[in-house]
Amino acid sequence: MAQKKNIIDELEWRDAINQVTDEDALRKLTADKKISLYCGTDPTGDSLHVGHLIPFMMLKRFQLAGHHPVIVIGGGTGAIGDPSGRKDERQLQSMDQVKKNEDALTAQMVKLFGTENFSIVNNYDWLSKISLLEFLRDYGKLFNVNTMLNKEVVASRLENGISFTEFTYQILQSVDFLTLYRDHGVQLQIGGADQWGNITAGIDLIHKIEGPEAPVYGLTIPLMLKADGTKFGKTAGGAVWLDPKKTSPYEFYQFWLNTDDRDVVRYLKYFTFLDEDQINALAEQVKTDPGKRAAQKALAAEVTKFVHGEQAVEQAQHISDALFSGNLKDLTAEEIEQGFKGVPSMEVPNETENIIPWLVDTTKIEPSRRQAREDVKNGAIYVNGDRQNDLDYEIDPSASFDGKFVIIRRGKKKYFLARVK
RNA sequence: GGAGGAGUAGCGAAGAGGCUAAACGCGGCGGACUGUAAAUCCGCUCCUUCGGGUUCAUAGGUUCGAAUCCUAUCUCCUCCA
(Lines give C-alpha, C1' and ligand atoms only; values in the text may rest on other atoms or scores of the structure.)
Protein backbone atom coordinates (compact mmCIF):
# COMPACT_ATOMS: atom_id res chain seq x y z
CA MET A 1 0.00 0.00 0.00
CA ALA A 2 1.27 3.40 0.89
CA GLN A 3 4.55 1.97 2.10
CA LYS A 4 5.13 0.19 -1.20
CA LYS A 5 5.04 3.45 -3.06
CA ASN A 6 8.24 5.07 -4.10
CA ILE A 7 9.26 7.55 -1.44
CA ILE A 8 9.07 10.46 -3.85
CA ASP A 9 5.53 9.56 -4.92
CA GLU A 10 4.65 9.18 -1.29
CA LEU A 11 5.98 12.65 -0.53
CA GLU A 12 4.14 14.08 -3.49
CA TRP A 13 0.90 12.63 -2.26
CA ARG A 14 1.55 14.27 1.06
CA ASP A 15 2.13 17.64 -0.64
CA ALA A 16 5.51 17.63 1.02
CA ILE A 17 7.58 18.77 -1.93
CA ASN A 18 8.10 22.33 -2.99
CA GLN A 19 10.98 22.03 -5.42
CA VAL A 20 13.30 19.20 -6.48
CA THR A 21 16.41 19.55 -8.58
CA ASP A 22 15.91 16.49 -10.79
CA GLU A 23 12.80 14.67 -9.81
CA ASP A 24 12.98 11.76 -12.22
CA ALA A 25 16.59 11.00 -11.44
CA LEU A 26 15.92 11.20 -7.73
CA ARG A 27 12.90 8.93 -8.01
CA LYS A 28 14.99 6.36 -9.80
CA LEU A 29 17.88 6.72 -7.38
CA THR A 30 15.74 6.22 -4.30
CA ALA A 31 13.99 3.26 -5.90
CA ASP A 32 17.25 1.52 -6.80
CA LYS A 33 19.19 2.00 -3.61
CA LYS A 34 19.13 3.28 -0.09
CA ILE A 35 20.70 6.70 0.00
CA SER A 36 22.00 9.03 2.64
CA LEU A 37 20.43 12.43 2.90
CA TYR A 38 20.85 15.37 5.18
CA CYS A 39 19.34 18.47 6.57
CA GLY A 40 21.01 21.10 8.70
CA THR A 41 19.91 22.69 11.92
CA ASP A 42 21.63 25.65 13.40
CA PRO A 43 21.81 25.60 17.20
CA THR A 44 20.11 28.93 17.65
CA GLY A 45 18.05 27.79 20.64
CA ASP A 46 18.23 25.34 23.48
CA SER A 47 15.34 23.22 22.24
CA LEU A 48 13.76 22.14 18.99
CA HIS A 49 10.27 23.49 18.29
CA VAL A 50 7.49 22.36 16.02
CA GLY A 51 9.01 24.31 13.15
CA HIS A 52 11.95 21.92 13.24
CA LEU A 53 9.57 19.04 12.76
CA ILE A 54 8.97 20.19 9.21
CA PRO A 55 12.28 18.95 7.79
CA PHE A 56 12.52 16.21 10.40
CA MET A 57 9.24 14.57 9.36
CA MET A 58 10.75 14.35 5.91
CA LEU A 59 13.96 12.78 7.21
CA LYS A 60 11.94 10.36 9.27
CA ARG A 61 9.97 9.21 6.26
CA PHE A 62 13.19 8.53 4.41
CA GLN A 63 14.48 6.68 7.44
CA LEU A 64 11.35 4.54 7.62
CA ALA A 65 11.79 3.76 3.94
CA GLY A 66 15.25 2.42 4.71
CA HIS A 67 17.33 5.42 3.81
CA HIS A 68 19.91 6.97 6.05
CA PRO A 69 19.24 10.44 7.40
CA VAL A 70 22.03 12.64 8.66
CA ILE A 71 21.42 15.73 10.67
CA VAL A 72 24.08 18.37 10.59
CA ILE A 73 24.17 20.43 13.70
CA GLY A 74 25.47 23.79 12.64
CA GLY A 75 28.05 24.38 15.32
CA GLY A 76 30.06 26.22 12.68
CA THR A 77 27.31 27.83 10.62
CA GLY A 78 25.34 28.62 13.76
CA ALA A 79 28.24 30.76 14.84
CA ILE A 80 27.77 32.80 11.65
CA GLY A 81 24.01 33.09 11.24
CA ASP A 82 21.85 32.12 8.30
CA PRO A 83 20.40 35.18 6.59
CA SER A 84 17.48 33.13 5.22
CA GLY A 85 14.05 34.32 6.16
CA ARG A 86 15.30 37.34 8.03
CA LYS A 87 14.94 41.00 7.42
CA ASP A 88 17.96 42.00 9.42
CA GLU A 89 21.29 40.85 10.66
CA ARG A 90 21.38 38.16 13.29
CA GLN A 91 22.86 38.74 16.67
CA LEU A 92 25.91 36.52 17.02
CA GLN A 93 25.71 34.01 19.81
CA SER A 94 28.55 33.25 22.16
CA MET A 95 30.43 30.06 21.31
CA ASP A 96 29.58 28.86 24.77
CA GLN A 97 25.88 29.18 24.14
CA VAL A 98 26.24 27.46 20.77
CA LYS A 99 27.87 24.52 22.48
CA LYS A 100 25.15 24.22 25.09
CA ASN A 101 22.46 24.36 22.44
CA GLU A 102 24.18 21.64 20.44
CA ASP A 103 24.04 19.23 23.34
CA ALA A 104 20.40 19.91 24.06
CA LEU A 105 19.37 19.50 20.43
CA THR A 106 21.36 16.32 19.98
CA ALA A 107 19.53 14.66 22.84
CA GLN A 108 16.17 15.58 21.38
CA MET A 109 17.07 14.32 17.93
CA VAL A 110 18.11 10.95 19.28
CA LYS A 111 14.68 10.69 20.87
CA LEU A 112 13.04 11.17 17.49
CA PHE A 113 15.35 9.14 15.30
CA GLY A 114 16.97 6.60 17.59
CA THR A 115 20.55 5.66 16.96
CA GLU A 116 20.07 2.99 14.31
CA ASN A 117 20.52 4.06 10.72
CA PHE A 118 20.86 7.67 11.69
CA SER A 119 23.77 10.03 12.23
CA ILE A 120 24.32 13.38 13.74
CA VAL A 121 27.39 15.33 12.76
CA ASN A 122 28.56 18.78 13.61
CA ASN A 123 29.88 21.03 10.90
CA TYR A 124 32.10 22.75 13.44
CA ASP A 125 34.32 19.67 13.08
CA TRP A 126 35.27 20.53 9.52
CA LEU A 127 34.46 24.21 9.17
CA SER A 128 36.65 25.15 12.12
CA LYS A 129 39.64 23.47 10.50
CA ILE A 130 39.56 25.54 7.34
CA SER A 131 42.04 28.37 7.45
CA LEU A 132 41.16 31.72 5.98
CA LEU A 133 43.59 31.26 3.10
CA GLU A 134 42.30 27.78 2.34
CA PHE A 135 38.79 29.07 2.40
CA LEU A 136 39.57 31.79 -0.10
CA ARG A 137 41.74 29.63 -2.38
CA ASP A 138 39.80 26.37 -2.32
CA TYR A 139 36.23 27.57 -2.14
CA GLY A 140 36.03 31.32 -2.60
CA LYS A 141 37.40 31.00 -6.12
CA LEU A 142 34.52 28.74 -7.10
CA PHE A 143 31.81 31.14 -6.06
CA ASN A 144 30.77 33.91 -8.33
CA VAL A 145 29.73 36.97 -6.38
CA ASN A 146 27.15 37.86 -9.02
CA THR A 147 25.47 34.49 -8.55
CA MET A 148 25.57 34.84 -4.81
CA LEU A 149 24.03 38.30 -4.99
CA ASN A 150 21.23 37.00 -7.13
CA LYS A 151 20.11 34.43 -4.59
CA GLU A 152 16.83 35.58 -3.24
CA VAL A 153 18.00 35.39 0.34
CA VAL A 154 20.79 37.84 -0.30
CA ALA A 155 18.96 40.01 -2.82
CA SER A 156 16.14 40.66 -0.37
CA ARG A 157 18.62 41.89 2.18
CA LEU A 158 20.60 44.18 -0.05
CA GLU A 159 18.39 47.18 0.61
CA ASN A 160 18.77 47.06 4.38
CA GLY A 161 22.27 45.75 4.30
CA ILE A 162 23.89 42.41 4.98
CA SER A 163 27.24 41.78 6.58
CA PHE A 164 30.03 39.97 4.79
CA THR A 165 29.73 37.32 7.49
CA GLU A 166 26.18 36.41 6.65
CA PHE A 167 26.87 36.84 2.97
CA THR A 168 29.34 33.95 3.15
CA TYR A 169 26.82 31.67 4.81
CA GLN A 170 25.89 29.97 1.56
CA ILE A 171 29.53 29.07 0.97
CA LEU A 172 29.74 27.38 4.35
CA GLN A 173 26.56 25.44 3.76
CA SER A 174 27.93 24.40 0.38
CA VAL A 175 31.09 23.14 2.01
CA ASP A 176 28.88 21.11 4.33
CA PHE A 177 27.16 19.37 1.46
CA LEU A 178 30.49 18.75 -0.26
CA THR A 179 32.02 17.31 2.89
CA LEU A 180 29.05 15.06 3.54
CA TYR A 181 29.02 13.88 -0.05
CA ARG A 182 32.69 12.97 0.12
CA ASP A 183 32.89 11.54 3.62
CA HIS A 184 29.42 10.13 4.19
CA GLY A 185 28.11 9.51 0.69
CA VAL A 186 25.25 11.94 1.22
CA GLN A 187 23.43 12.59 -2.04
CA LEU A 188 20.43 14.62 -1.09
CA GLN A 189 19.94 17.74 0.92
CA ILE A 190 16.52 18.76 2.10
CA GLY A 191 15.35 21.94 3.73
CA GLY A 192 12.60 24.51 3.99
CA ALA A 193 11.52 26.47 0.95
CA ASP A 194 13.88 29.29 1.91
CA GLN A 195 16.85 26.93 1.72
CA TRP A 196 16.64 26.46 -2.04
CA GLY A 197 19.38 28.96 -2.74
CA ASN A 198 21.74 27.46 -0.18
CA ILE A 199 21.05 23.93 -1.40
CA THR A 200 21.63 24.67 -5.05
CA ALA A 201 24.80 26.55 -4.14
CA GLY A 202 26.04 23.32 -2.59
CA ILE A 203 25.11 21.25 -5.61
CA ASP A 204 26.94 23.70 -7.85
CA LEU A 205 30.04 23.48 -5.70
CA ILE A 206 30.03 19.69 -5.76
CA HIS A 207 29.59 19.70 -9.51
CA LYS A 208 32.53 22.04 -9.88
CA ILE A 209 34.83 20.01 -7.67
CA GLU A 210 33.64 16.46 -8.20
CA GLY A 211 32.49 16.78 -11.77
CA PRO A 212 29.13 17.63 -13.31
CA GLU A 213 27.96 14.03 -13.14
CA ALA A 214 28.14 13.82 -9.36
CA PRO A 215 24.73 12.43 -8.36
CA VAL A 216 23.57 14.98 -5.80
CA TYR A 217 20.11 16.40 -5.41
CA GLY A 218 18.16 18.97 -3.50
CA LEU A 219 14.60 19.02 -2.29
CA THR A 220 12.67 21.70 -0.49
CA ILE A 221 9.50 21.58 1.53
CA PRO A 222 6.60 23.97 1.03
CA LEU A 223 6.18 26.79 3.46
CA MET A 224 3.82 25.78 6.23
CA LEU A 225 1.21 28.48 6.42
CA LYS A 226 -1.98 28.46 8.39
CA ALA A 227 -5.28 29.09 6.67
CA ASP A 228 -5.72 32.34 8.54
CA GLY A 229 -2.43 33.57 7.14
CA THR A 230 -0.47 33.52 10.39
CA LYS A 231 2.74 31.65 10.91
CA PHE A 232 2.68 27.98 11.73
CA GLY A 233 4.03 26.91 15.10
CA LYS A 234 3.26 29.94 17.17
CA THR A 235 0.69 30.29 19.91
CA ALA A 236 -0.15 33.17 22.15
CA GLY A 237 2.44 31.79 24.55
CA GLY A 238 5.17 31.79 21.92
CA ALA A 239 6.88 28.88 20.20
CA VAL A 240 5.74 25.33 20.74
CA TRP A 241 8.79 23.46 21.96
CA LEU A 242 9.60 19.79 21.88
CA ASP A 243 11.28 20.04 25.26
CA PRO A 244 8.60 18.91 27.74
CA LYS A 245 10.01 21.30 30.31
CA LYS A 246 9.34 24.25 28.04
CA THR A 247 6.08 23.05 26.53
CA SER A 248 4.35 20.32 28.46
CA PRO A 249 3.05 17.34 26.49
CA TYR A 250 -0.42 18.52 27.39
CA GLU A 251 0.20 21.96 25.85
CA PHE A 252 1.81 20.28 22.88
CA TYR A 253 -1.24 18.07 22.41
CA GLN A 254 -3.51 21.10 22.69
CA PHE A 255 -1.52 22.96 20.06
CA TRP A 256 -2.32 20.30 17.50
CA LEU A 257 -5.86 19.75 18.70
CA ASN A 258 -6.63 23.40 18.01
CA THR A 259 -5.75 23.09 14.34
CA ASP A 260 -8.17 24.85 12.02
CA ASP A 261 -10.48 22.60 9.98
CA ARG A 262 -8.98 24.06 6.84
CA ASP A 263 -5.47 23.02 7.82
CA VAL A 264 -6.01 19.71 9.52
CA VAL A 265 -5.92 17.38 6.53
CA ARG A 266 -2.79 19.00 5.21
CA TYR A 267 -1.17 18.60 8.62
CA LEU A 268 -2.28 14.96 8.89
CA LYS A 269 -0.56 14.28 5.62
CA TYR A 270 2.55 16.11 6.59
CA PHE A 271 3.01 15.48 10.31
CA THR A 272 1.68 11.95 10.79
CA PHE A 273 2.56 8.50 9.54
CA LEU A 274 -1.07 7.57 8.98
CA ASP A 275 -1.58 6.06 5.55
CA GLU A 276 -3.66 7.32 2.69
CA ASP A 277 -6.78 5.34 3.62
CA GLN A 278 -6.76 6.51 7.21
CA ILE A 279 -6.25 10.11 6.24
CA ASN A 280 -8.95 9.99 3.59
CA ALA A 281 -11.36 8.60 6.18
CA LEU A 282 -10.52 11.43 8.56
CA ALA A 283 -10.83 13.99 5.79
CA GLU A 284 -14.32 12.67 5.12
CA GLN A 285 -15.23 13.16 8.77
CA VAL A 286 -14.04 16.77 8.68
CA LYS A 287 -16.65 17.30 5.98
CA THR A 288 -19.51 15.30 7.43
CA ASP A 289 -19.06 15.78 11.16
CA PRO A 290 -16.65 18.63 11.83
CA GLY A 291 -17.89 19.14 15.38
CA LYS A 292 -16.42 15.85 16.42
CA ARG A 293 -12.95 16.91 15.36
CA ALA A 294 -11.84 13.39 14.79
CA ALA A 295 -9.10 14.61 12.47
CA GLN A 296 -7.72 17.08 15.02
CA LYS A 297 -7.77 14.43 17.70
CA ALA A 298 -5.93 11.97 15.50
CA LEU A 299 -3.41 14.63 14.52
CA ALA A 300 -2.77 15.64 18.13
CA ALA A 301 -2.46 12.04 19.26
CA GLU A 302 -0.14 11.03 16.43
CA VAL A 303 2.26 13.93 16.69
CA THR A 304 2.32 13.83 20.49
CA LYS A 305 3.04 10.12 20.31
CA PHE A 306 5.92 10.70 17.91
CA VAL A 307 7.50 13.38 20.06
CA HIS A 308 6.60 12.40 23.62
CA GLY A 309 5.44 8.79 23.45
CA GLU A 310 2.23 6.85 23.94
CA GLN A 311 1.93 7.48 27.65
CA ALA A 312 2.13 11.24 27.22
CA VAL A 313 -0.78 11.05 24.79
CA GLU A 314 -2.99 9.27 27.30
CA GLN A 315 -2.10 11.76 29.96
CA ALA A 316 -2.68 14.72 27.69
CA GLN A 317 -6.07 13.34 26.75
CA HIS A 318 -6.96 12.77 30.37
CA ILE A 319 -5.98 16.30 31.35
CA SER A 320 -7.82 17.73 28.36
CA ASP A 321 -10.99 15.87 29.29
CA ALA A 322 -10.80 17.10 32.85
CA LEU A 323 -10.06 20.71 32.01
CA PHE A 324 -12.63 21.11 29.32
CA SER A 325 -15.38 19.19 31.02
CA GLY A 326 -14.66 21.23 34.12
CA ASN A 327 -14.42 18.07 36.13
CA LEU A 328 -11.08 18.46 37.83
CA LYS A 329 -11.70 16.16 40.75
CA ASP A 330 -9.95 13.05 39.52
CA LEU A 331 -6.76 14.71 38.34
CA THR A 332 -3.64 13.57 40.13
CA ALA A 333 -1.15 16.05 41.55
CA GLU A 334 1.26 15.09 38.79
CA GLU A 335 -1.32 15.73 36.10
CA ILE A 336 -2.13 19.07 37.66
CA GLU A 337 1.54 20.02 37.54
CA GLN A 338 1.63 19.11 33.87
CA GLY A 339 -1.72 20.44 32.77
CA PHE A 340 -1.05 23.72 34.47
CA LYS A 341 2.51 24.04 33.30
CA GLY A 342 1.90 26.98 31.04
CA VAL A 343 -0.71 28.49 33.27
CA PRO A 344 -0.07 31.44 35.56
CA SER A 345 0.53 30.21 39.05
CA MET A 346 1.16 31.80 42.40
CA GLU A 347 1.72 30.84 45.99
CA VAL A 348 -0.97 31.42 48.56
CA PRO A 349 -0.99 31.06 52.33
CA ASN A 350 -3.13 28.34 53.79
CA GLU A 351 -5.70 30.71 55.22
CA THR A 352 -9.38 31.07 54.61
CA GLU A 353 -10.22 34.35 52.94
CA ASN A 354 -13.14 36.05 51.23
CA ILE A 355 -13.12 35.40 47.50
CA ILE A 356 -12.88 39.05 46.39
CA PRO A 357 -9.71 40.12 48.21
CA TRP A 358 -8.34 36.64 47.58
CA LEU A 359 -8.69 37.11 43.82
CA VAL A 360 -7.33 40.65 43.85
CA ASP A 361 -4.72 40.87 46.59
CA THR A 362 -3.62 37.34 47.36
CA THR A 363 -3.47 35.89 43.86
CA LYS A 364 -3.53 38.98 41.61
CA ILE A 365 -5.83 37.09 39.28
CA GLU A 366 -8.15 40.08 39.11
CA PRO A 367 -6.86 43.64 38.65
CA SER A 368 -9.47 45.33 40.82
CA ARG A 369 -12.28 44.59 43.24
CA ARG A 370 -14.74 46.09 40.80
CA GLN A 371 -13.68 43.62 38.11
CA ALA A 372 -13.54 40.74 40.57
CA ARG A 373 -17.06 41.37 41.76
CA GLU A 374 -18.32 41.67 38.24
CA ASP A 375 -16.75 38.39 37.21
CA VAL A 376 -18.03 36.54 40.24
CA LYS A 377 -21.51 37.93 39.69
CA ASN A 378 -21.44 36.94 36.03
CA GLY A 379 -20.47 33.41 36.89
CA ALA A 380 -17.06 33.76 35.29
CA ILE A 381 -15.16 32.37 38.26
CA TYR A 382 -14.77 28.69 38.97
CA VAL A 383 -13.09 27.39 42.10
CA ASN A 384 -11.74 23.87 41.71
CA GLY A 385 -14.11 23.32 38.84
CA ASP A 386 -17.26 24.65 40.49
CA ARG A 387 -18.82 27.89 39.39
CA GLN A 388 -18.79 30.28 42.30
CA ASN A 389 -21.02 33.35 42.12
CA ASP A 390 -21.45 34.13 45.78
CA LEU A 391 -19.66 37.38 46.65
CA ASP A 392 -19.36 36.29 50.27
CA TYR A 393 -17.79 32.94 49.47
CA GLU A 394 -14.79 32.11 51.66
CA ILE A 395 -11.92 30.35 49.91
CA ASP A 396 -10.43 27.55 51.94
CA PRO A 397 -7.14 26.49 50.34
CA SER A 398 -6.95 23.30 52.35
CA ALA A 399 -10.29 22.07 51.02
CA SER A 400 -9.18 20.13 47.98
CA PHE A 401 -6.30 18.41 46.18
CA ASP A 402 -4.81 17.37 49.53
CA GLY A 403 -4.58 21.05 50.42
CA LYS A 404 -1.91 21.50 47.77
CA PHE A 405 -3.66 23.53 45.11
CA VAL A 406 -6.55 25.79 44.44
CA ILE A 407 -7.50 25.82 40.80
CA ILE A 408 -9.22 28.93 39.56
CA ARG A 409 -10.78 29.25 36.19
CA ARG A 410 -11.85 32.57 34.81
CA GLY A 411 -14.11 32.57 31.81
CA LYS A 412 -14.23 29.72 29.43
CA LYS A 413 -10.77 28.34 29.62
CA LYS A 414 -8.41 30.63 31.46
CA TYR A 415 -6.91 28.74 34.33
CA PHE A 416 -4.81 29.84 37.28
CA LEU A 417 -3.03 27.59 39.69
CA ALA A 418 -2.59 28.68 43.29
CA ARG A 419 -0.06 26.58 45.17
CA VAL A 420 -0.75 26.43 48.86
CA LYS A 421 2.29 27.27 50.96
C1' G B 1 14.10 81.91 12.82
C1' G B 2 8.61 83.19 11.27
C1' A B 3 3.02 81.61 10.81
C1' G B 4 -0.73 78.28 12.07
C1' G B 5 -2.78 73.63 14.20
C1' A B 6 -3.00 69.62 17.71
C1' G B 7 -2.27 66.93 22.52
C1' U B 8 -9.10 63.43 25.74
C1' A B 9 -9.39 56.43 28.71
C1' G B 10 -5.24 50.51 25.57
C1' C B 11 -6.00 52.75 20.40
C1' G B 12 -9.03 55.89 17.02
C1' A B 13 -12.35 59.82 17.78
C1' A B 14 -16.57 63.29 19.83
C1' G B 15 -17.20 66.97 23.55
C1' A B 16 -16.05 73.97 23.22
C1' G B 17 -18.28 76.52 31.02
C1' G B 18 -22.76 72.97 34.85
C1' C B 19 -27.38 67.77 32.14
C1' U B 20 -19.73 64.58 31.35
C1' A B 21 -16.42 59.46 34.78
C1' A B 22 -16.50 61.85 29.58
C1' A B 23 -20.84 59.99 23.14
C1' C B 24 -19.31 56.54 19.34
C1' G B 25 -15.99 52.83 16.95
C1' C B 26 -12.03 49.31 17.59
C1' G B 27 -9.55 46.42 21.00
C1' G B 28 -9.87 43.85 25.82
C1' C B 29 -12.73 41.06 29.53
C1' G B 30 -17.09 38.26 30.69
C1' G B 31 -21.97 35.70 29.43
C1' A B 32 -25.34 32.92 25.82
C1' C B 33 -24.98 29.80 21.54
C1' U B 34 -21.24 26.24 19.66
C1' G B 35 -16.99 22.03 18.06
C1' U B 36 -11.93 23.98 23.42
C1' A B 37 -14.12 26.57 16.00
C1' A B 38 -16.08 30.58 13.05
C1' A B 39 -20.12 33.83 12.87
C1' U B 40 -23.83 36.08 15.88
C1' C B 41 -26.27 38.19 20.20
C1' C B 42 -25.93 40.34 25.31
C1' G B 43 -23.21 42.71 29.48
C1' C B 44 -18.75 45.15 31.36
C1' U B 45 -14.41 48.10 30.35
C1' C B 46 -10.50 54.67 36.13
C1' C B 47 -10.51 53.22 41.49
C1' U B 48 -13.63 52.44 45.77
C1' U B 49 -14.44 50.27 52.47
C1' C B 50 -20.27 52.12 47.34
C1' G B 51 -20.19 57.42 51.39
C1' G B 52 -17.07 58.79 47.76
C1' G B 53 -12.14 59.46 45.47
C1' U B 54 -8.72 60.68 41.37
C1' U B 55 -8.92 61.80 35.68
C1' C B 56 -9.02 64.91 29.52
C1' A B 57 -0.13 66.67 27.91
C1' U B 58 2.26 69.44 32.55
C1' A B 59 2.15 73.55 36.18
C1' G B 60 -0.46 77.63 37.72
C1' G B 61 -4.85 80.98 37.31
C1' U B 62 -10.21 82.89 36.39
C1' U B 63 -15.06 81.01 38.12
C1' C B 64 -20.06 79.06 42.85
C1' G B 65 -18.59 75.43 39.02
C1' A B 66 -13.32 73.86 33.95
C1' A B 67 -11.66 68.48 29.48
C1' U B 68 -13.99 73.09 27.97
C1' C B 69 -11.78 80.18 29.43
C1' C B 70 -6.62 82.61 30.61
C1' U B 71 -1.01 82.23 31.39
C1' A B 72 3.47 79.61 31.17
C1' U B 73 6.00 75.03 29.99
C1' C B 74 6.70 70.49 27.25
C1' U B 75 5.68 67.39 22.96
C1' C B 76 3.94 66.55 17.99
C1' C B 77 2.25 68.12 13.03
C1' U B 78 1.69 71.57 8.75
C1' C B 79 3.27 75.85 6.01
C1' C B 80 7.06 79.83 5.17
C1' A B 81 12.60 80.95 5.55
Side-chain angles (χ1 to χ4, degrees), chain A residues 50 225-237 240 247-268 281-304 313-328 330-331 335-336 338-344 353-383 385-394 407-417:
Chain A
V50 288
L225 273 181
K226 291 202 288 181
D228 63 11
T230 56
K231 212 172 160 191
F232 165 80
K234 290 272 190 284
T235 63
V240 179
T247 300
S248 72
Y250 160 73
E251 292 172 280
F252 188 84
Y253 176 88
Q254 283 288 323
F255 165 75
W256 295 100
L257 188 68
N258 281 313
T259 301
D260 194 295
D261 288 358
R262 293 169 293 178
D263 292 320
V264 70
V265 173
R266 202 156 48 89
Y267 287 5
L268 278 170
L282 288 166
E284 190 56 30
Q285 289 201 56
V286 174
K287 280 200 204 110
T288 55
D289 191 5
K292 212 167 179 184
R293 292 190 303 158
Q296 278 88 343
K297 284 176 183 164
L299 174 68
E302 285 298 312
V303 185
T304 306
V313 176
E314 282 166 28
Q315 227 169 21
Q317 286 168 338
H318 186 216
I319 297 169
S320 297
D321 288 347
L323 257 47
F324 290 97
S325 71
N327 183 13
L328 307 171
D330 55 319
L331 285 179
E335 284 172 331
I336 288 173
Q338 192 194 137
F340 292 85
K341 176 96 210 330
V343 143
E353 190 179 11
N354 175 268
I355 188 163
I356 301 300
W358 193 83
L359 287 173
V360 181
D361 304 327
T362 308
T363 61
K364 312 264 189 275
I365 288 170
E366 294 281 11
S368 73
R369 274 146 219 270
R370 219 221 89 254
Q371 182 77 47
R373 258 186 250 109
E374 180 190 319
D375 282 346
V376 171
K377 260 187 271 174
N378 287 342
I381 299 293
Y382 296 74
V383 179
D386 299 322
R387 179 174 262 174
Q388 190 48 256
N389 49 17
D390 177 6
L391 289 174
D392 295 324
Y393 181 73
E394 299 285 321
I407 296 170
I408 299 297
R409 174 177 142 207
R410 187 173 101 233
K412 238 174 176 171
K413 52 181 178 182
K414 236 167 244 151
Y415 279 92
F416 301 86
L417 179 66

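Convention: sequence-line order gives letters A, B, ...; per-chain numbering from 1. Excluded from the calculations below are hydrogen atoms, water molecules and symmetry mates; all remaining heavy atoms, backbone and side chain alike, are included.
Residue Leu257(A) is in base contact, counting any heavy-atom pair closer than 4.0 Å across all strands shown. Asp260(A) comes within 4.0 angstrom of nothing in the nucleic acid, heavy atoms only. Across all strands shown, Arg262(A) has no heavy atoms under 4.0 Å from either base or sugar-phosphate atoms.
Residues that satisfy the side-chain hydrogen bond (donor to acceptor under 3.5 Å, both in side chains) test with Glu251(A), not counting sequence neighbours, are Ser248(A). For the side-chain contact (heavy atoms from CB on, under 4.5 Å) test, residues two or more places apart in sequence or in another chain that qualify with Asp261(A) are Val286(A), Pro290(A), Gln296(A). Partners of Asp386(A) according to the side-chain contact (heavy atoms from CB on, under 4.5 Å) rule, which considers only residues two or more places apart in sequence or in another chain, are Lys329(A). Not counting sequence neighbours, Asn389(A) has no partner by the side-chain hydrogen bond (donor to acceptor under 3.5 Å, both in side chains) test. Partners of Tyr267(A) according to the ring-ring contact (aromatic ring centres under 6.0 Å, His included) rule, which considers only residues two or more places apart in sequence or in another chain, are Phe232(A), Phe271(A). Evaluation of the side-chain hydrogen bond (donor to acceptor under 3.5 Å, both in side chains) rule for Arg370(A) yields Glu374(A) as partners, not counting sequence neighbours. The ring-ring contact (aromatic ring centres under 6.0 Å, His included) check on Phe340(A) picks up Tyr415(A), with sequence neighbours excluded. Scored by the side-chain hydrogen bond (donor to acceptor under 3.5 Å, both in side chains) test, Arg266(A) finds Asp263(A) as partners (sequence neighbours excluded).
A distance of about 13 Å separates the P atoms of G10(B) and U58(B), rounded to the whole Å. Atom P of U8(B) sits at a distance of 15 Å from the matching atom of A67(B), rounded to the whole Å. Atom name C1', nucleotides A66(B) and G60(B): the rounded distance is 14 Å, in whole Å. To the nearest whole angstrom, the two P atoms, one in C64(B) and one in A81(B), are 49 Å apart. A distance of about 16 Å separates the P atoms of G65(B) and G53(B), rounded to the whole Å. Rounded to whole Å, the C1' atom of G12(B) lies 15 Å from the corresponding atom of A6(B). With both ends at atom C1', the span from A59(B) to C74(B) equals 10 Å, rounded to whole Å. Taking atom P on both nucleotides, U40(B) is separated from C26(B) by 11 Å, rounded to a whole Å.
Using a 4.0 Å cut-off, no side-chain N or O of Arg410(A) falls inside it from OP1 or OP2 of C29(B). Here Lys377(A) does not reach the OP1 or OP2 of G30(B): none of its side-chain N or O atoms lies under 4.0 Å away. Of the side-chain N and O atoms in Lys413(A), one or more sit less than 4.0 angstrom from OP1 or OP2 of A37(B). One finds a side-chain N or O of Lys412(A) lying less than 4.0 angstrom from the OP1 or OP2 phosphate oxygen of A37(B).
Residues Tyr250(A) and Leu323(A) form a side-chain contact, since some pair of their non-hydrogen atoms from C-beta on lies under 4.5 Å apart.
For the contact set between residues 291-299 of chain A and RNA chain B, defined by any heavy atom under 4.0 Å, the members are Gly291(A), Arg293(A), Gln296(A).
Of the two residues near RNA chain B, Asn258(A) and Val360(A), the one whose nearest nucleotide lies more 5' is Asn258(A). Residue Tyr382(A) is the one, among Tyr382(A) and Tyr253(A), whose nearest nucleotide of RNA chain B lies closer to the 5' end (criterion: closest heavy atom).
Stem analysis of RNA chain B (Watson-Crick or G-U pairs, both distances under 3.5 Å, runs of at least three) returns B:1-7 with B:74-80, B:10-12 with B:24-26, B:27-32 with B:40-45, B:57-61 with B:69-73.
To the nearest angstrom, C1' of G31(B) lies 19 Å from CZ of Arg373(A). One interatomic measurement links the two molecules: CG of Asp263(A) to P of A37(B), which rounds to 16 Å at whole-angstrom precision. At whole-Å resolution of the value, CD in Gln254(A) and P in G35(B) are 17 Å apart. Between the CD1 atom of Ile408(A) and the P atom of G30(B) there is a distance of 14 Å, given to the nearest Å. For the pair Asp261(A) CG and A37(B) P, the interatomic distance rounds to 12 Å; values are reported in whole Å.
Of all nucleotides listed (U36(B), G30(B), G35(B)), G35(B) comes nearest to the side chain of Pro290(A).
Within the structure, side-chain hydrogen bond (donor to acceptor under 3.5 Å, both in side chains) pairs that include any residue of residues 356-366 of chain A comprise Glu353(A)-Thr362(A), Asp361(A)-Arg369(A) (at least two apart or interchain).
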### Query
Quick one: what's the B/S/- string for nucleotides 38-47 of chain B, heavy-atom cutoff under 4.0 Å, read 5' to 3'?
-----BSS-S

### Task
Verify side-chain contact (heavy atoms from CB on, under 4.5 Å) between Lys413(A) and Phe324(A), making sure each step is shown before the conclusion.
CA-CA 7 Å; Lys413(A) 52 181 178 182; Phe324(A) 290 97; 4.0 Å; yes

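Arg410(A) has a carboxylate O that lies under 4.0 Å from a charged side-chain N of Asp375(A), or vice versa, which qualifies the two as a salt bridge.
An anti orientation is assigned to G30(B), its glycosidic angle lying beyond 90° of 0.
Residues Gly233(A) and Val50(A) approach most closely at CA-CG2, 3.5 Å, considering heavy atoms.
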